4 protein chains.
Amino acid sequence: MNATTQNSRADAPTCAGDKPTRARGPSPEKTIQTRRAITTAALSEFLEKGFANAIMENVAKRAGVAKGTPYRYFATKEALFEGVVREEIAGAFVDVNPANRAPGEPVGAFLRRTMLVAMRDIETKGRASIARLVLAEGGRFPALVDIYRREMIEPLVAQIRELAIAAQANGELSGDRLVNYPQLLIAPIWYGIIYNGVLDPTHPQNIADLFEAHLDMVLPRK
Amino acid sequence: MNATTQNSRADAPTCAGDKPTRARGPSPEKTIQTRRAITTAALSEFLEKGFANAIMENVAKRAGVAKGTPYRYFATKEALFEGVVREEIAGAFVDVNPANRAPGEPVGAFLRRTMLVAMRDIETKGRASIARLVLAEGGRFPALVDIYRREMIEPLVAQIRELAIAAQANGELSGDRLVNYPQLLIAPIWYGIIYNGVLDPTHPQNIADLFEAHLDMVLPRK
Amino acid sequence: MNATTQNSRADAPTCAGDKPTRARGPSPEKTIQTRRAITTAALSEFLEKGFANAIMENVAKRAGVAKGTPYRYFATKEALFEGVVREEIAGAFVDVNPANRAPGEPVGAFLRRTMLVAMRDIETKGRASIARLVLAEGGRFPALVDIYRREMIEPLVAQIRELAIAAQANGELSGDRLVNYPQLLIAPIWYGIIYNGVLDPTHPQNIADLFEAHLDMVLPRK
Amino acid sequence: MNATTQNSRADAPTCAGDKPTRARGPSPEKTIQTRRAITTAALSEFLEKGFANAIMENVAKRAGVAKGTPYRYFATKEALFEGVVREEIAGAFVDVNPANRAPGEPVGAFLRRTMLVAMRDIETKGRASIARLVLAEGGRFPALVDIYRREMIEPLVAQIRELAIAAQANGELSGDRLVNYPQLLIAPIWYGIIYNGVLDPTHPQNIADLFEAHLDMVLPRK
DNA sequence: TATGAATGAGTATTCATTCAT
DNA sequence: GATGAATGAATACTCATTCAT
């Protein structure tokens, strides 16, 4: 807010006439950094422990701030959780916009070069973790699930339905099952997510491979 | 089921054909009733609130017993949770034993008359709920997941793999994707489970329909 | 372990006309046995854990009876404790009655052949344990301490005072310290009791040796 | 004692001779006050009730803090007990270092002007109470007893042994009983401690008088 | 008399949240 | 804005005691 007015104060044992280059007042950059440190720390904590077992003081420690500081950014633990997960959800969308399909490009090919590619790093980019968090805590945070559904699931399913229609039109697909149940296309991805996260974390499956095999069955190349 | 344990009184050696020897002390039947009341109550509580938010005293209240009574049966909240879920898991197995396939019966037909049928009541019989509980709490209860995987997932996937091989052999199935990834067959079920439980409980999908559509794509009739 | 004790009932599947030598109704001997089993068990439990940490159910188990049985003999845990300790106190008295001193026998000699001898088995006979129990729990059980003082300490100290007077009279003892503070004679015994029980149980002192050295200083032979 | 720790604020580098740099956060002095209030309260509670019957909430109340506050300083009731008793033990040592004996001063005289004097306020200074606490709870807190033995008993007994040797050398003492059993010198003190604390609190003995009479018998003046 | 299932008052402990500095 | 000491509601768990059988 008051840009460049305030110093971290510790840096400013300013006695008479000893004035720093920057004026006093809170530095907005620092605030933003602090906030990011807190959300990052909180995400880790929530991913590791789940909401109920996450401890606010741990979040503060991980972020390198005092116990009370997170409360300056989020009024409650719940608000922190929702805020953090909401932000992460926002960046996790997988886009298979039919408009990007090249003219004459088979739907299968299009999905392979877009969605399948996105699946390669679903684990490393944290998207799978967020999905698991939503699954585990969704029951207690319907608002979060609403966002997730609205921003992630529904748009994706809608795009897939369009693609299914196109695939039906160009003969790649026989029958209307995928048109009626476009979710069937992403079901293996969810399976991979829960398998790797919960069912058998010690023997993780490659989600992309799983998805590719599924594509091969449902939308065979050629 | 617990006939052996509970009838200790009825089995007791009686004299002139009349009343049992064991005349003193509390009745074992009551114990069994109490235990059942507690596990039932606990299951509801855990399903509603999750492990961390379940309150032992609520369990007792729901069961109509005193606060301390559940501790006579389960040493800790954790033991209660594991005990209850374990018992439920035991009764949730879906069996598609290939040995039950009629000679000459197409694999698709077999799956439709066994697995698809089982899916009709997956929600009402509590199997879906248990699956969700395992998903939500599995991170904190690896032992539970181990059981679930060992008793539910792995046997089922093994059976499916066998069926996939059979399907490949009799020409129902082209390619070996389902042989390599038999999980793909049940992925839609998991999707339905998490969809109905978390992603959009207000618009539940019919899991059987979803599964049937999937079967139609992967193992078309005729 | 308790097979022998507990099946007293199982051994008597008495049917019609098969009548035991003893009539029915409670056998007074058995009652007495049960009572003794309980007090013995309770003493061990209290000695091991102290009053507060002693558990009634453990007492019952050690005694080979059901949880409720001790309550038929002692109304409360406190009553059990007091009853048990009281009984033990009764049997622990060390008698140095001056009347037993042989005519002309030096007081020192008399004490060596009576009290010193009693000290040899103070640990093995449980007298030291009881003393420690009284010390540790006396604060919470003044009534117990009253008994202990009245039945053990005061009579003993009175006897010692008499002996001190006699010793003074016959020239064994110079000065009236032991007449005024007869407790000084038994102080080393108490020291030994607390040393062996609390201060350093791993290097127990021989209480009799300690007491003898003390006697040698205070009432030297010849 | 804690001068170093507590004056951190006063020591802070100040500018033109005015207010300290550390302007933010709670004051460390208050922390020290709180801690002391808690340990003091805890000591009273433990002395009155013993460990098992002491109630944490009472400690907090006595200290004038909230129920949770003691846990900021001591992780558990046990830690609080050990911490408090440990601190008290540290300040309770009775020193009769032979090096302080004046040249030519009789050992008896030395003990009268050092140890006997220390005995005058053994009850008022809380040393007797601590000893009783160690006696009563030592069974459950061996670590505490270890400290007590290492810091109090053993050094004292070692010093007494040295003095006994000196007394033997200068003819004050005949025989080697006190050299072999130096504990005999302090036995009356222990007797007084347990007598006043447990055996007959309503008729407390003057421990110093008791000890003096003992000295008179063992190390007579002149 | 004896049994042991059930009771529920009593307590240690945790941790989100507040607020004086 | 930031700090971290203090707060106190919430809860798991224990165990003496009761009483129907």
Side-chain angles (χ1 to χ4, degrees), chain A residues 1-2 6 8-10 24-28 30-31 34 52-60 65-73 75-78 80, chain B residues 9 22-28 30-31 33-35 53-60 65-73 75-78 80, chain C residues 6 8-9 24-27 30-31 34 52-60 65-73 75-78 80, chain D residues 9 22-28 30-31 33-35 53-60 65-73 75-78 80:
Chain A
M1 309 114 212
N2 314 24
Q6 185 189 54
S8 46
R9 194 192 313 216
R24 52 227 90 94
S27 132
K30 197 154 183 191
T31 294
T34 303
N53 292 105
I55 292 169
M56 287 300 277
E57 191 168 1
N58 282 359
V59 172
V65 299
K67 203 171 168 183
T69 305
Y71 286 92
R72 303 199 63 76
Y73 297 86
T76 65
K77 184 185 178 183
E78 221 167 279
L80 173 59
Chain B
R9 191 210 287 249
R22 192 190 190 297
R24 287 186 285 177
S27 100
K30 201 159 181 190
T31 295
Q33 277 172 29
T34 304
R35 188 192 159 93
N53 291 105
I55 292 168
M56 286 300 277
E57 194 167 357
N58 282 358
V59 172
V65 299
K67 196 179 9 160
T69 304
Y71 289 94
R72 290 185 48 70
Y73 297 86
T76 63
K77 183 182 175 185
E78 220 166 278
L80 174 59
Chain C
Q6 86 185 141
S8 46
R9 185 191 325 169
R24 53 224 95 90
S27 127
K30 197 160 186 183
T31 293
T34 304
N53 291 106
I55 291 168
M56 287 299 277
E57 191 169 2
N58 283 359
V59 172
V65 299
K67 202 169 167 182
T69 304
Y71 286 92
R72 303 200 64 77
Y73 297 85
T76 64
K77 184 185 178 183
E78 223 167 277
L80 173 58
Chain D
R9 193 209 285 247
R22 191 187 191 297
R24 286 185 287 176
S27 101
K30 201 157 177 191
T31 295
Q33 277 173 29
T34 304
R35 190 194 156 92
N53 292 105
I55 291 168
M56 286 300 276
E57 193 167 358
N58 283 358
V59 173
V65 299
K67 193 173 15 158
T69 303
Y71 288 94
R72 289 185 51 68
Y73 297 86
T76 62
K77 184 183 175 183
E78 220 167 281
L80 174 59

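Computed from a predicted structure; not experimentally measured. Note that these values count all heavy atoms, side chains included, but never hydrogens, waters or copies made by symmetry. Here is how names work: the chains are called A, B, and so on, in the same order as the sequence lines, proteins then strands, and each is numbered from 1.
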Among [options], which nucleotide sits nearest the side chain of [X]?
X	options	value
B:Ala66	F:dG8, E:dT7, F:dT3	E:dT7
C:Met56	E:dA12, E:dA16, F:dT17	F:dT17
D:Tyr71	E:dA6, E:dT14, F:dA5	E:dT14

Rounded to the nearest Å, what distance is computed from the CG atom of residue D:Asn53 to the P atom of nucleotide E:dA9? 20 Å
Hey, which of these two, C:Glu57 or B:Ile55, hits DNA chain F nearer its 5' end, going by closest nucleotide? B:Ile55
When you match B:Ala75 and A:Tyr73 each to their closest nucleotide on DNA chain F, which lands nearer the 5' end? A:Tyr73
Between D:Lys67 and A:Lys77, name the one whose nearest nucleotide on DNA chain E is closer to the 5' end. D:Lys67
Both A:Glu78 and B:Gly68 contact DNA chain E. Which one's nearest nucleotide lies toward the 5' end?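 Whichever sits nearer the 5' end wins; that is B:Gly68.
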side-chain contact (heavy atoms from CB on, under 4.5 Å) with [X]: which residues, sequence neighbours excluded?
X	value
A:Ala66	A:Thr69
A:Glu57	A:Ile55, A:Lys61, A:Lys67
C:Ala52	D:Ala52, D:Asn53

[N] phosphate, OP1 or OP2, under 4.0 Å from [X] side-chain N/O:
X	N	result
C:Thr69	E:dT3	yes
C:Thr31	E:dT1	yes
C:Arg72	E:dT1	no

A:Arg72 CZ to A:Thr34 OG1 distance, which is reported to the nearest 0.5 Å: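 The distance works out to 11.0 Å.
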Using a cut-off of 4.0 Å on non-hydrogen atoms, how would the nucleic acid contact of A:Ala54 be classed: base, sugar-phosphate, or nothing?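 Result for A:Ala54 = sugar-phosphate.
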Would you say that C:Leu80 contacts C:Tyr73 through its side chain, given a criterion of any heavy-atom pair below 4.5 Å between the two side chains? no
Base-pair map of DNA chain E as dot-bracket, where | denotes pairing with a different strand and pairs are Watson-Crick or G-U under 3.5 Å: .||||||||||||||||||||
